[in-house]
Structures are given as C-alpha cells and as structure tokens.
Protein chains: 2
Amino acid sequence: MKLIGQLSKETGIPIGTIRFYEKSGLISGQTNEEITTNNYVYYGEETVDKLRFIQMSKAVGFTLAEIKEVVDAWYKKQLTKSAKIEVLNKKLVQINDKMNELKAVKKQIAICKLNIENEVD
Amino acid sequence: MKLIGQLSKETGIPIGTIRFYEKSGLISGQTNEEITTNNYVYYGEETVDKLRFIQMSKAVGFTLAEIKEVVDAWYKKQLTKSAKIEVLNKKLVQINDKMNELKAVKKQIAICKLNIENEVD
DNA sequence: CACAAGTATATAGTATACTACATACTTTGC
DNA sequence: GCAAAGTATGTAGTATACTATATACTTGTG
C-alpha cells in the first residue's frame with residue numbers, strides 16, 4: 001500500500017493534482033483501520049494504473065468527466081455488465097475518431113513542412 | 001470571401017468562439033476597403049482550413065497556444081524557414097507521442113472490456 | 001528530542017477556453 | 001420601409017482543471 005507521496009513519485013503527478021482527482025472521484029484510497037493515530041490514506045497498486053491511464057487519456061484530449069466514465073466501468077461494482085460494455089464501446093469509437101483526427105493533423109503538418117522546405121529563403 | 005456567419009456554418013464552430021480565436025491570433029480577416037458603410041470582416045478560404053485544423057488539433061489534446069505555433073509557422077511571413085521547420089518537427093514528435101498514448105489507452109480499454117465480458121453477471 | 005519532511009483539510013486563486021449578455025449599427029427579405 | 005436577421009464591440013460570467021496558501025497534526029532522522 002502506498003501513500004500519496006509515493007503515488008506522486010511514481011507517476012510524476014503533483015500531490016495537489018492527485019488530491020483533486022480523488023475529490024473528483026477518479027481514484028480512492030482508504031485509511032488503515034489499525035492505525036488510529038493519523039488519518040493517512042493508503043492506495044493500492046491499481047491506483048498507479050488508474051493515474052497512468054488518466055495521464056495518457058488527458059494527453060489525447062479526454063476530459064476528466066470522460067475518463068471517469070471509463071474508470072467507473074473499470075472498477076465500480078454497481079454498474080451492470082451491459083452498461084459497462086456500452087460505455088467502453090463508445091469510448092473505443094471516440095478513440096478511433098481521435099486516431100483519424102491525429103492522422104489528419106499529422107498529414108496537414110507534413111504538407112505544411114513540405115511547402116516551407118520548397119520555399120526560397 | 002466569407003463573413004463570420006458563413007465560417008460558423010461551414011465549420012460548426014460558434015460565432016463567439018471564432019471571434020475568440022481571432023482575438024487569440026489564430027485566424028484573421030480584413031475589412032473590405034471599398035465598403036465604408038460597415039466594418040464587416042471578410043475571411044479567405046484558408047480561414048476555413050485553419051478552423052478545421054484547430055478543431056482537429058483541439059480534439060487530440062493540443063492547446064490553443066500549441067496550435068497557434070503551428071498556424072504561425074504555416075502562415076506567418078516573419079518567421080525564418082528554419083524556425084518554422086523546427087516548430088513543425090517538434091509538433092510531429094508530439095503527434096507521435098499522442099499516437100502511442102492513444103494506442104495504449106485503446107489497449108487498456110480493450111483489456112478492460114475483455115475482463116468484463118468474462119465476468120459472471 | 002528537536003526538527004525536517006510528510007500528510008490532511010479547507011479555502012482561495014489562476015489559466016485556459018469559451019459563452020452570454022447588452023448595445024448599436026447594417027443588411028436583407030417581404 | 002420596416003422588421004428580422006446579421007455583424008461589431010465590450011464586458012462579464014462560466015466550466016474545467018488545476019495550483020497555491022495556510023493551518024495543523026504526524027512521522028522519520030541525526
């Protein structure tokens with residue numbers, strides 16, 4: 001079990017941001033019942049996976065609300081199987097859209113670069 | 001030459017947002033010198049291209065500041081050839097990073113989906 | 001055992017990217 | 001020729017995602 005500083009060290013995400021993610025319902029830890037002297041929160045290994053998933057998802061333009069949908073499908077026991085699958089399928093469609101947009105942006109930049117290279121300086 | 005409403009219709013971007021992009025230096029139009037009765041701003045066809053580029057770039061997680069760098073390399077006469085190429089090369093690297101992150105996110109969701117499908121309901 | 005470092009909580013502030021008025025003028029359609 | 005629709009300008013408000021600060025308590029180290 002890891003404390004918040006450990007999570008921050010492993011993922012490079014600032015402690016303040018991790019706290020913000022916890023308040024937003026993206027991750028959660030629990031206090032150790034045996035220790036009554038403090039209220040330090042402990043996180044499991046899966047929290048690191050979640051944080052890395054959040055990092056990557058944000059980098060490709062997903063909002064925290066969109067990411068939360070996936071994380072909930074991933075970990076929440078309350079949702080039905082079909083509800084989870086539906087969320088994930090929608091997300092896969094969005095990912096394909098982004099893949100195409102990324103290719104289009106890349107192509108545009110490549111064209112732009114070619115044009116500039118053929119300019120006289 | 002197009003007016004702002006036309007740009008909005010063709011791209012689906014709200015007029016207010018287009019004005020915001022113009023204030024941010026991402027696009028620019030000019031007033032028609034021959035018409036002195038109004039100060040309507042006219043935009044060339046390349047503005048539509050720029051707006052579509054902005055749309056896609058935003059969808060894959062680029063900020064307006066990052067997008068502006070590319071648009072400046074694309075259209076600004078003031079920058080040197082090598083400065084432009086440098087900006088574009090950096091952007092291509094970022095795009096490759098995003099491509100990999102997108103693949104990783106996709107993979108994670110596929111795994112997540114498989115796990116759920118194999119659950120007992 | 002002092003004290004530096006780590007943690008918890010709460011609140012406020014910031015950056016980015018819009019979005020919504022309000023006001024005023026212009027153009028278009030019937 | 002008048003109302004509806006379009007455009008310009010300015011200011012203020014909102015949503016998202018942090019980021020900083022202050023305060024207080026706990027833990028680890030020389």
Side-chain angles (χ1 to χ4, degrees), chain A residues 1-44 47-48 50-71 94 101, chain B residues 1-44 47-48 50-71 94 101:
Chain A
M1 298 297 254
K2 297 153 195 267
L3 289 171
I4 196 159
Q6 181 70 18
L7 291 184
S8 178
K9 218 176 265 172
E10 287 183 33
T11 62
I13 300 172
I15 289 177
T17 304
I18 296 175
R19 292 227 161 89
F20 175 75
Y21 290 161
E22 180 150 24
K23 266 202 299 186
S24 308
L26 284 162
I27 61 159
S28 62
Q30 61 280 336
T31 51
N32 190 331
E33 300 289 332
E34 283 140 45
I35 301 166
T36 49
T37 49
N38 66 31
N39 45 350
Y40 285 13
V41 178
Y42 292 85
Y43 302 89
T47 306
V48 176
K50 280 190 195 178
L51 288 174
R52 290 201 205 286
F53 181 78
I54 294 167
Q55 273 182 316
M56 291 189 301
S57 299
K58 271 185 46 58
V60 296
F62 283 109
T63 64
L64 293 187
E66 288 170 331
I67 296 167
K68 183 165 159 35
E69 289 185 330
V70 177
V71 171
Q94 283 185 56
E101 285 163 323
Chain B
M1 296 299 252
K2 297 152 195 270
L3 288 172
I4 196 159
Q6 181 71 17
L7 291 183
S8 177
K9 217 176 267 173
E10 286 183 33
T11 62
I13 300 172
I15 289 177
T17 304
I18 296 175
R19 292 227 160 90
F20 175 75
Y21 289 162
E22 181 150 23
K23 265 201 298 183
S24 308
L26 284 162
I27 61 160
S28 61
Q30 62 280 335
T31 51
N32 190 331
E33 300 289 332
E34 283 141 44
I35 301 166
T36 50
T37 49
N38 67 29
N39 44 351
Y40 285 13
V41 178
Y42 292 85
Y43 302 90
T47 306
V48 176
K50 280 192 195 177
L51 287 174
R52 291 200 205 287
F53 181 78
I54 294 167
Q55 272 182 317
M56 292 189 300
S57 298
K58 270 184 46 59
V60 296
F62 283 109
T63 64
L64 293 187
E66 288 170 331
I67 296 167
K68 184 164 159 35
E69 288 185 332
V70 176
V71 171
Q94 282 186 56
E101 284 163 324

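A note on names: the letters A, B, ... follow the listed sequences, proteins ahead of strands, and every chain is numbered from 1.
Phosphate proximity of C:dC25 to B:Thr37: absent, as no side-chain N or O sits under 4.0 Å from OP1 or OP2.
Distance CG/B:Leu51 to CD1/B:Ile27: 5.0 Å, rounded to 0.5 Å. If you take CD on B:Glu66 and NZ on B:Lys58, they are separated by 11.5 Å, rounding to the nearest 0.5 Å. To the nearest 0.5 Å, the span separating CD on B:Gln94 from OG on B:Ser57 amounts to 10.5 Å. Atom CG of A:Asn38 and atom OG1 of A:Thr31 lie 9.0 Å apart (nearest 0.5 Å).
For the pair A:Val70/A:Phe62, no side-chain contact is recorded, criterion being any heavy-atom separation below 4.5 Å from C-beta on. Side-chain contact check for A:Tyr40 versus A:Asn32: every heavy-atom pair is 4.5 Å or farther apart. A:Lys50 is not listed as a side-chain neighbour of A:Leu26, based on a closest heavy-atom distance of 4.5 Å or more.
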Enumerate donor-acceptor pairs with a distance under 3.5 Å from any side-chain N or O in residues 1-10 of chain A to protein atoms, sequence neighbours excluded.
residue: A:Lys2; atom: NZ; partner: A:Glu10; partner atom: OE1; Å: 3.1
residue: A:Lys2; atom: NZ; partner: A:Glu10; partner atom: OE2; Å: 2.7
residue: A:Lys2; atom: NZ; partner: A:Glu45; partner atom: OE1; Å: 3.1
residue: A:Gln6; atom: NE2; partner: A:Glu10; partner atom: OE2; Å: 2.7
residue: A:Ser8; atom: OG; partner: A:Ile13; partner atom: O; Å: 2.7

Can I get a per-line list of side-chain donor-acceptor pairs under 3.5 Å for residues 15-25 of chain A, giving both atom names and the distance, sequence neighbours left out?
residue: A:Glu22; atom: OE1; partner: A:Tyr43; partner atom: OH; Å: 2.4
residue: A:Glu22; atom: OE2; partner: A:Gly29; partner atom: N; Å: 3.2
residue: A:Ser24; atom: OG; partner: A:Phe20; partner atom: O; Å: 2.7

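A 4.0 Å heavy-atom criterion places the boundary nucleotides of DNA chain D facing chain A at D:dA17 to D:dT27, written 5' to 3'.
Remark: B:Lys58, B:Thr63, B:Leu64 in residues 55-66 of chain B come within less than 4.0 Å of DNA chain C through at least one heavy atom. Across residues 21-29 of chain A, A:Tyr21 each have a non-hydrogen atom less than 4.0 Å from an atom of DNA chain D (numbered order).
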Please list, for nucleotides 6-8 of chain C, all pairs of protein and nucleotide N/O atoms separated by less than 3.5 Å.
residue: C:dG6; atom: N2; partner: A:Tyr40; partner atom: OH; Å: 2.9
residue: C:dT7; atom: OP2; partner: A:Gly5; partner atom: N; Å: 3.4
residue: C:dA8; atom: OP1; partner: A:Asn39; partner atom: O; Å: 3.4
residue: C:dA8; atom: OP1; partner: A:Val41; partner atom: N; Å: 2.3
residue: C:dA8; atom: OP2; partner: A:Arg19; partner atom: NH2; Å: 2.8
residue: C:dA8; atom: O3'; partner: A:Asn39; partner atom: ND2; Å: 3.2

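Between B:Gly16 and B:Asn38, the residue anchored nearer the 5' end of DNA chain C, judged by the nucleotide with its closest heavy atom, is B:Gly16.
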